[in-house]
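Throughout, a chain's letter reflects where its sequence line sits, starting with A, and its residues are numbered from 1. Computation of the quantities below employed the complete heavy-atom set of this structure, encompassing side-chain atoms and omitting hydrogens, waters and symmetry-equivalent molecules.
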Protein chains: 2
Amino acid sequence: MEDSRTADGGRQRPTLEMVAAEAGVSRGTASRALNGGHNVSRRAMEAVQAAAARLGYRPNLAARSLVLGRSGSIGLVVSESDERLFSDPYFATVARGVHAELMAHDVQLVLALAQTPAERERMLRWSAGRPLDGVIIISVHGADPLPGAIATEGVPVVIGGAVEGPDRDLPGLASVDADNLAGARTAVEHLVARGRTRIGHISGPLDMVVGRDRLEGWRSVVSGLPGGAPSTLSVEGDFTEASGAEAARRLLAAHPDLDGVFTANDVMARGALGALQQAGRRVPQDVAVVGFDDLPGTEGIAPGLTTVRQPVIEMGRLMARTLLMMIEGRPLAEQHAVVSTTLVVRETS
Amino acid sequence: MEDSRTADGGRQRPTLEMVAAEAGVSRGTASRALNGGHNVSRRAMEAVQAAAARLGYRPNLAARSLVLGRSGSIGLVVSESDERLFSDPYFATVARGVHAELMAHDVQLVLALAQTPAERERMLRWSAGRPLDGVIIISVHGADPLPGAIATEGVPVVIGGAVEGPDRDLPGLASVDADNLAGARTAVEHLVARGRTRIGHISGPLDMVVGRDRLEGWRSVVSGLPGGAPSTLSVEGDFTEASGAEAARRLLAAHPDLDGVFTANDVMARGALGALQQAGRRVPQDVAVVGFDDLPGTEGIAPGLTTVRQPVIEMGRLMARTLLMMIEGRPLAEQHAVVSTTLVVRETS
DNA sequence: GAGCAGGCTGGGAGCGCTCCCATGTGGAGT
DNA sequence: ACTCCACATGGGAGCGCTCCCAGCCTGCTC
């Protein structure tokens, strides 16, 4: 009779059946007592709760999700190297927003990495098995097939960022993005208003829509300036501090008369500020700098940095809310939300 | 007959039963064909695989884990603010090691945050429901009851760091830690060998064993020096760059004759280096600095920093391997592993 | 005092899967 | 030709839970 499949000393985990027996009620009543207690007498209620406590009962989530068709947890999938995931405060901030919203709805959040092709394939297989009720995917590079593939499996997907191509029309796929084009334009127009005429750009990865959008915002303004927007006036970075420093050095080398820089995020702005200082340029007198993000709690990254604020926490919350709506099958107000940004002027411009 | 519980257009997800019917075999044969194919004829094998592909079959993981009693995924639980989780490269590095090992064993890794008391309670309830076969917990503060509580629920736990108190003897709880005491001692002895006599310490949080161990290592050496180890010679930090800078300023204020600093991690060393520079001290001529960690790929954090290397990736792998052993019920070579560190001398000392 | 709601209760059905066992089926051994 | 065994197969049992429905017992109304 003793099933010793488990390794924990042979003691069997208590099941609902055992709790019911201990409480002297049926399985059905025990289930009701433990889940809201509708149509359960006070006596039964207390007996069941006492029995559950006595036995240390914990409902088996696999059994529950098998019958419910829901696991009660959602995934935050990051298509990014673990290195950048953990070094860029952007992800932390999105995660904070998502997390805050989910906690309020009693949904468990799990993070999962899907960087290499093998991991992405495994991620697809796994999520298709429905251990998660839905997923939020951030940091999508290129024309990544993963979000669309997961959505096609019937698992709701929300993308943090823009969606291009045919995936835009998939019913099970929504997105939340900042208005990167307008934000970038505002930043550069601000530099122009400050009298700058030689404004460089340190872009994000150009295989990401966010990288291209901010570049395009910069270009649309700078190309109207006397000098135009020669290709050497924008340098591609990868959102890391080191790449920001390197890009700033290259900008300076190609354009010694540089008097303004717009970087695609604040972390790269930090790198650029360091490089400018090393090159003997004063900020903002010689070169004015504007970043992008303005994440809360990251004043330390680049003190006094003028930047374009995107409401990342609120965006995270919106992603979570959107996903929960989709999971419940409720209609979305807008499948692809775009939230606006604000210029925050400080000392570097 | 049509069950419209699902929201995905009414198309029912294919089950194993349907695949079997499509392939013209029984459920049992289909199951065998899809899992290794033992005792399955070539004909049946191919028919099942074709049918599965045609229907887009994906096994339901809840059903599988219900019968197997295993979910095939393990959790990396971080008892830390999302902010620090994502800003300290230490976590990324542990995660990388854990991840590498698990991928090789075809186990899915999920990260979960458990910072606030409410989240920790939820984490306990959740993990007790066995959605995970085991958990690795890192960044444990104080006498955290969470690891012990999870282990007591019968879920194997591996702690990244040291374990103190009664939890040490729990059968379902193991740990992997660096030899922080010896590492710290080596660092400070190195400074002494360099002729330094006024060696301060910027410690980690003292509610963490790792913080206390490295402090103790420093103290054991410094207390033997002529000036001893007055309380003002060590300042508590929280492993962040800002706290390192602030601590360095306080050390300098209390001890203008400071000629050496040992910081409990590299990130704080970076902050300290900045503060020392601002205070006009030359490194290493005026003040020598030694950090702790030497994480791969983080040369950018503090170039040329002399530091104590702990093999964090290998430790992550060891945590994962240990957990897998426990899950399989195999005996552990050592329940509490301690790995040794190496001093890496560079330019700051 | 019969009739009737409405609250409680027990237990069957079933979620989708893997294991197990009884039952085939062919080829090798005598 | 007969036995024997290895391989192949189908389908029942059961993992632990929630839903559902029939049946019960109250307490109330007329």
Side-chain angles (χ1 to χ4, degrees), chain A residues 1 3-6 12-48 51-52 55-72 125 128-131 133 154, chain B residues 1-6 12-48 51-52 55-72 125-126 128-131 133 154:
Chain A
M1 189 125 254
D3 182 343
S4 61
R5 203 179 309 162
T6 57
Q12 203 67 12
R13 276 168 59 77
T15 68
L16 186 58
E17 193 86 51
M18 295 165 67
V19 172
E22 173 86 11
V25 300
S26 76
R27 186 171 24 86
T29 302
S31 175
R32 260 167 277 138
L34 260 16
N35 299 298
H38 293 296
N39 283 8
V40 177
S41 67
R42 194 187 164 74
R43 230 174 56 82
M45 189 82 182
E46 284 167 1
V48 170
L55 299 180
Y57 171 71
R58 303 288 187 173
N60 180 314
L61 262 28
R64 176 175 284 173
S65 41
L66 179 57
V67 35
L68 256 34
R70 291 267 183 93
S71 69
R125 283 205 323 272
R130 315 215 147 221
D133 298 337
Chain B
M1 188 123 254
E2 276 286 29
D3 182 343
S4 61
R5 203 180 309 163
T6 58
Q12 202 68 11
R13 276 168 58 77
T15 67
L16 186 58
E17 193 85 51
M18 295 165 68
V19 172
E22 173 86 10
V25 299
S26 76
R27 185 170 26 84
T29 302
S31 175
R32 260 166 278 138
L34 260 17
N35 298 300
H38 293 296
N39 284 7
V40 177
S41 68
R42 194 187 164 75
R43 231 174 56 82
M45 189 82 181
E46 284 166 0
V48 170
L55 299 179
Y57 171 71
R58 302 287 187 174
N60 180 314
L61 262 29
R64 175 176 283 174
S65 38
L66 179 57
V67 36
L68 290 180
R70 290 268 183 93
S71 68
R125 283 206 323 272
W126 187 59
R130 315 215 149 220
D133 298 337

Rounded distance in Å - CZ (Arg58(A)) to P (dG16(D)): 17 Å

Flag side-chain contact, heavy atom, 4.5 Å: Arg13(B) against Arg130(A): yes

Sequence-distant partners of Asp133(A), side chain to side chain donor-acceptor pair (under 3.5 Å), two or more places apart: Ser71(A)

Between dG14(D) (P) and Glu17(A) (CD): distance, integer Å: 13 Å

Residue-level proximity of residues 31-47 of chain B to DNA chain D when a heavy atom falls under 4.0 Å: Arg32(B), Asn39(B), Val40(B), Ser41(B), Ala44(B)

Verdict with supporting geometry, Val40(A) and Glu46(A), side-chain contact (heavy atoms from CB on, under 4.5 Å): CA-CA 10 Å; Val40(A) 177; Glu46(A) 284 167 1; over 6 Å; no

Interface residues of residues 22-29 of chain A with DNA chain C (non-hydrogen, below 4.0 angstrom): Val25(A), Ser26(A), Arg27(A), Gly28(A), Thr29(A)

Integer-rounded Å distance: dG16(C) C1' and Leu66(B) CG: 9 Å

Of the listed nucleotides dC19(D), dC17(C), dC17(D), the one nearest the side chain of Thr15(A): dC17(D)

Side chain to side chain, Ser65(A) and Arg70(A), heavy atoms closer than 4.5 Å: no

Close side-chain approach of Val25(B) and Val19(B), heavy atoms under 4.5 Å: no

Rounded distance (Å) that lies between atom P of dG16(D) and atom CG of Leu68(A): 17 Å

Shortest non-hydrogen contact between Thr15(B) and Tyr57(B), atoms and distance: C-CE1, 3.5 Å

Rounded interatomic separation in angstrom, taking CE from Met18(B) and P from dC15(C): 12 Å

Pair Thr29(A)-Asn39(A), side-chain contact (heavy atoms from CB on, under 4.5 Å): steps then yes or no: CA-CA 9 Å; Thr29(A) 302; Asn39(A) 283 8; over 6 Å; no

Qualifying salt bridge (Lys or Arg N to Asp or Glu O under 4.0 Å) pairs with a residue from residues 26-40 of chain A, counting only residues at least two apart or across chains: Glu17(A)-Arg27(A)

Pro59(B) side chain near Leu16(B) side chain, heavy-atom distance below 4.5 Å: no

Ala51(A) to Glu22(A) - nearest heavy-atom pair and separation: CB-CG, 3.4 Å

Nearest-Å distance for atom pair CG/C1', residues Leu61(B) and dG16(C): 11 Å

Under the side chain to side chain donor-acceptor pair (under 3.5 Å) test, residues paired with Ser41(B) that sit two or more places apart: none

Whole angstrom value for the distance that separates P of dC15(C) from CG of Leu16(B): 13 Å

Axial bend angle, the helix from dG1(C)-dC30(D) to dT30(C)-dA1(D): five-pair end segments, nearest 10°: 50°

